[in-house]
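Within every chain, numbering begins at 1; the chains are lettered A, B, ... in the order of the sequence lines, protein sequences first and strands thereafter.
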Amino acid sequence: MPKIRAYAPGIYARSEELVQATRDLDRGRATEEAVAAQQDADLRAFLYAQREAGLDYFSDGLLNWQDIFRPFDTAAEGLRTGPLTRFLNTNTFYRAPAVEMERPRLVEPLAEPFFRIGDLPRSRWVATLPSPHTLAEWAAGEIEPRAVAEGILRPQIRWLAVNGCAYVVLQETALFGKRSDLHGLFEALEALASPLPLALQLPFGDAGDVLGELLELPVDAIGVDFYATDVMALPRPFPKTLLAGVVDARNSLLEEPEELAEFAHSLIAEMEGPELHLVPNGDLQFVPEKIAREKVLRLGAAARILKDQNLEEGAVT
Amino acid sequence: MNEVRFVTREIGSLAKPGWRVKSIVGRSVEDSDVEDARVWGKRLGVANVEELVEVLRKGTGFSEEEKAKIQDYSALYGIRLLKSAGLDVVYDGEQRRSEMYDHAVRHAKGFEPRGTVRSWDNKYYTKAAVTEKPLVKTVYDLEEYEFVRSHTDRQVKIPFTGAYTIMDWSYDEYYARNGSLLGAPAQQRTEPRRRFGVDAARDVVRPNVLGLVEAGADWVQIDEPAATTRPEEVPLVVETFNATREGIDARASIHICFSDYTSLFPHIEELDNCYELQLEFSNRDSLELGTQAEDRPGYDVLPRFRESAWDGKIGLGVIDIHTDYIESPELVRDRILYASEVLGPERIEVNTDCGLRTRTWEVSLEKMKNMVEGTRLAEVALNGS
């Protein structure tokens, strides 16, 4: 039976206090230091919630990332912050990275404060990055996914590896609908030559059409949003680790841990891969923080039920 | 052939002046805000500006009666601003409304606020969840409409947040509650959204629209910024428009923006008596002059409307609301001339891409004046005089 893990990658929700602090900053009524202090408070609360939930990997919630691309716009030579662009159908927006060079290059890997390594338990934390294909597809201007992998994400992942990161989740949001350059994605993932296990997560979309092909990619795990993907589309037996998006990060309706565990248990029966990871179906920033926190707790509760069931059935958890 | 004359108008919201925002939310109105009210009042020809100035001088602690007066003046300034720009059709710049989504759900039973989420960077919006079958019992925009109607002789077009957008921007704790959607087939996942959307059309948007039409409104604009963000749900957008429109004896149009309009086809052919689609285009267009297809990349979807069996008008977005760049009258002219060439001038009316609430009044006024001037230039070009 697969090993069970649970965690909450991606950008986490900002508390009402942090919302106010950042609003005040924009209006000249607060300082950068005051915002940073509130970000610290938010991080402590999020880490506490993850501990309380018993999650297996910790996340820092990327609380100071304006979007999943933005820190790279300033850290990489050849990228800059581009136009405001609608993010899928979420009624939110990101700044598309504007391409100024054919082969952008990370001048220095992102470190503190973008990855809060001083607050995260060594070898037990998960990092979230954009997939090289996603960054290339959503960029303003032409760039190859392989160039993103080689110049930006490979040095970043190496830095993560020597700084205690255990797992990397690559967010892939550019494979839905007509967008499916799997060859470019394959090449880019190979070029990462990652020393860390990699998951490719497809948040907030129906992955059913491409799931079969995704299994050929050089990654350890595939992430599926089960609020947008019919479970019957899952290739069987599923040969890789599966990141099952079982908590809906786009709806305030709270999931029942027993129902999540029951669904996950049904997935186990279809799996050949080594691990089943329970995760939200995307960034928890799409619900208010108090709801996000409750969802984290319920995710952990579901994982505990599942682990207990597995123990009874004699599996390693 | 009749002489060409294009109708011009704004789409909805204008920025709210500092004196209006601060006085309503309880912050201090500064001297500079009072001066701003005085200067704009004179500039827009608002009568009795000193009455407003006197109220604002209080600075803080406004009574409910004083707040109502400030709201009235803010609406009046909005109407006058649009009139000063020379628009044919006006409203009040949505000066009394908090925000398009919040305004709609706060007046409906069945929604509960859930908190704040990020739109982008440090910009946020408040989201609500539908927690029971939603219902609107009052014609909550009646006072707003009657005020506008009594303060302008121009044609009036009233914006309403559309049912599909209300559904799409709300959390669902009611329709999705029964039966887990986890891992469900597409049809099972879609059905709760359809029921929510149709209920929102019939029982949330329509009662307010109907009440205003009974009060004399003859043009309603259904705002659906979410309309094409899920291409597979465009048929539901059409269904909710038709449900909203049922039994409404008035001109009805739809505003859509910042998305891929190709997904509208062929579904718009099923719209019931939709006078017009008011669409954003200039945000994606070139700033260079020219009336050929290659000069106007932002309008490249227009030929699809010519080929469609839907034969309503296009409200042509010719002003980008996301930048302070002031489009020249000649640029506006060329955009209209290109669209007229593709669709025929009889199918074109002229508007901004969307509401101007993120621009200052100074910028908004300049943009709209040039829009009107450019429209007149296009008419001259088409009429030959």
Check the surroundings of atom [atom1] in [X]: do more than 12 heavy atoms from other residues, nucleotides or ligands lie under 6.0 Å from it?
{"X": "B/Glu294", "atom1": "CD", "result": "yes"}
{"X": "A/Glu262", "atom1": "CD", "result": "no"}
{"X": "A/Arg70", "atom1": "CZ", "result": "yes"}

Report which part of [X] has an atom under 4.5 Å of a heavy atom belonging to chain B: side chain, backbone, both, or neither.
{"X": "A/Thr90", "answer": "backbone"}
{"X": "A/Thr229", "answer": "backbone"}
{"X": "A/Arg250", "answer": "both"}
{"X": "A/Val224", "answer": "neither"}
{"X": "A/Gln285", "answer": "both"}
{"X": "A/Ile11", "answer": "side chain"}

Which of A/Thr92, A/Asp225, A/Asn281 touches chain B most, by non-hydrogen pairs under 4.5 Å =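 Winner by heavy-atom pair count: A/Thr92.
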Which one of A/Phe286, A/Phe263, A/Trp65 has the most heavy-atom pairs closer than 4.5 Å to chain B?
->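 Max contact count across the listed options: A/Phe263.
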Heavy-atom distance under 4.5 Å to chain A: side chain of B/Ala226, backbone, both or neither?
->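 The answer is neither part of B/Ala226.
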With B/Arg114, which residues qualify under side-chain hydrogen bond (donor to acceptor under 3.5 Å, both in side chains), at least two apart?
->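 Here the qualifying residues are B/Glu112, B/Glu173.
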Roughly how far apart are B/Arg189 CZ and A/Asp230 CG, rounded to 0.5 Å?
->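 Result: 6.5 Å between the selected atoms.
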What distance separates A/Asp248 CG from B/Leu181 CG, expressed to the nearest 0.5 Å?
->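 Here the rounded value is 8.5 Å.
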Decide side-chain contact (heavy atoms from CB on, under 4.5 Å) for B/Leu182 and A/Val246; before the verdict, give the C-alpha distance in whole Å, the side-chain angles of both, and the deciding distance to 0.1 Å.
-> CA-CA 7 Å; B/Leu182 192 54; A/Val246 294; 4.3 Å; yes
Got a sec, which residues hit salt bridge (charged side-chain N to carboxylate O under 4.0 Å, His left out) with A/Arg23, two or more places apart in sequence or on another chain?
->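 Per chain and number, A/Arg23 pairs via salt bridge (charged side-chain N to carboxylate O under 4.0 Å, His left out) with no residue.
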Looking only at heavy atoms, which two atoms of B/Thr116 and A/Val19 are closest? And how far apart?
->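 For B/Thr116 and A/Val19, the tightest heavy-atom pair comes out as CG2-CG1, 3.8 Å.
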By side-chain contact (heavy atoms from CB on, under 4.5 Å) - contacts of B/Ser282 (at least two apart) |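 side-chain contact (heavy atoms from CB on, under 4.5 Å) check on B/Ser282 returns B/Tyr299, B/Asp320, B/Arg335, B/Asp353.
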Is there a donor-acceptor pair under 3.5 Å between the side chain of A/Asn251 and the backbone N or O of B/Tyr171?
->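 No, the answer is negative, given that no donor and acceptor are paired below the 3.5 Å cut-off.
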Do any of residues 118-127 of chain B have a heavy atom less than 4.5 Å from a heavy atom of chain A, and if so, which, in residue order?
->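 Within residues 118-127 of chain B, the residues that come under 4.5 Å of chain A (heavy atoms only) are B/Arg118, B/Ser119, B/Trp120, B/Asp121, B/Asn122, B/Lys123, B/Tyr124, B/Tyr125.
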